[in-house]
Amino acid sequence: QVQLVASGGVLVPVGWPLRLSCAASGNFRSVNLMRWYRHVPGNQRELVAAITKSGSTNYADSVKGRFTISIDNAKNTVYLQMNSLKPEDKAVYYCYCNADLGGPTTRYGNYWGQGTHVTVSS
């Protein structure tokens, strides 16, 4: 019902910026919440940043001051602006959304996008 397509992951040098995008499409009324997670093999998936449709945000301590999450409600797209990238930011980044599916009764769904690879070279 909701498809998420993430993009923007590439190889960048340490200290460079990078912006990830994740667009939601499909049959839904609105997106309530979108998050970015990241995963490094051997570690648990980590919540990086989250934003509600009203614009409230929260961040992992490891990225505060460097990463900014934003949302374009008209495009149902979430962005993750990553600045001052460090080697430890290297991971597969996943987007997630909670969507209001609409209809005669209140229904919500949770969806994941495919990962996008971010590599930071030192």
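Bear in mind the structure is a predicted one, so any value in this text is a computation, not a measurement.
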Can W112 be reached from L47 by stepping across I, L, V, M, F, W or Y side chains whose heavy atoms are under 4.5 Å apart?
yes
What is the minimum heavy-atom distance between C97 and L4, and which atoms define it?
N-CD1, 3.7 Å
Which donor-acceptor pairs under 3.5 Å do the side chains of residues 23-36 make with protein atoms, sequence neighbours left out?
from: N32; atom 1: ND2; to: N98; atom 2: OD1; distance (Å): 3.0
from: R35; atom 1: NH1; to: Y37; atom 2: OH; distance (Å): 3.2

First locate atom OH of Y93, then atom NE2 of H117, and finally report the distance between them rounded to the nearest 0.5 Å.
12.0 Å
Can you list, pair by pair, the side-chain donor-acceptor contacts under 3.5 Å of residues 12-22, counting residues two or more places apart and other chains?
none

Can you name the closest pair of heavy atoms from Y94 and G113 and give their distance?
CD2-O, 3.6 Å
Do any side-chain atoms of residues 39-46 form donor-acceptor pairs under 3.5 angstrom with protein atoms, and if so which ones, sequence neighbours left out?
from: H39; atom 1: NE2; to: N43; atom 2: O; distance (Å): 2.9
from: E46; atom 1: OE1; to: R38; atom 2: NE; distance (Å): 2.8
from: E46; atom 1: OE1; to: R38; atom 2: NH2; distance (Å): 3.3
from: E46; atom 1: OE2; to: S62; atom 2: OG; distance (Å): 3.3

Quick check for you: to the nearest 0.5 Å, what is the distance between N76 atom CG and I71 atom CD1?
7.5 Å
Which distance, rounded to the nearest 0.5 Å, do you find between the OG of S121 and the CG of L85?
10.0 Å
Can you tell me how far the CG atom of N58 sits from the CD1 atom of I69, to the nearest 0.5 Å?
8.0 Å
Do you know the tightest heavy-atom contact between K53 and N73?
O-ND2, 3.0 Å
For residues 65-87, which residue pairs pass the salt bridge (Lys or Arg N to Asp or Glu O under 4.0 Å) check, not counting sequence neighbours?
R66-D89
Hey, could you give me each pair passing ring-ring contact (aromatic ring centres under 6.0 Å, His included) that has a residue in residues 53-83? Not counting sequence neighbours.
none
Side chain to side chain contact (heavy atoms under 4.5 Å, CB included) with T105: which residues, sequence neighbours excluded?
R107
When hydrophobic residues are tied together by side-chain contacts of less than 4.5 Å, even through go-betweens, does V118 share a cluster with Y96?
no
Could you see if V92 belongs to whatever hydrophobic cluster contains V78? Use Ile, Leu, Val, Met, Phe, Trp, Tyr and a side-chain cutoff under 4.5 Å.
no
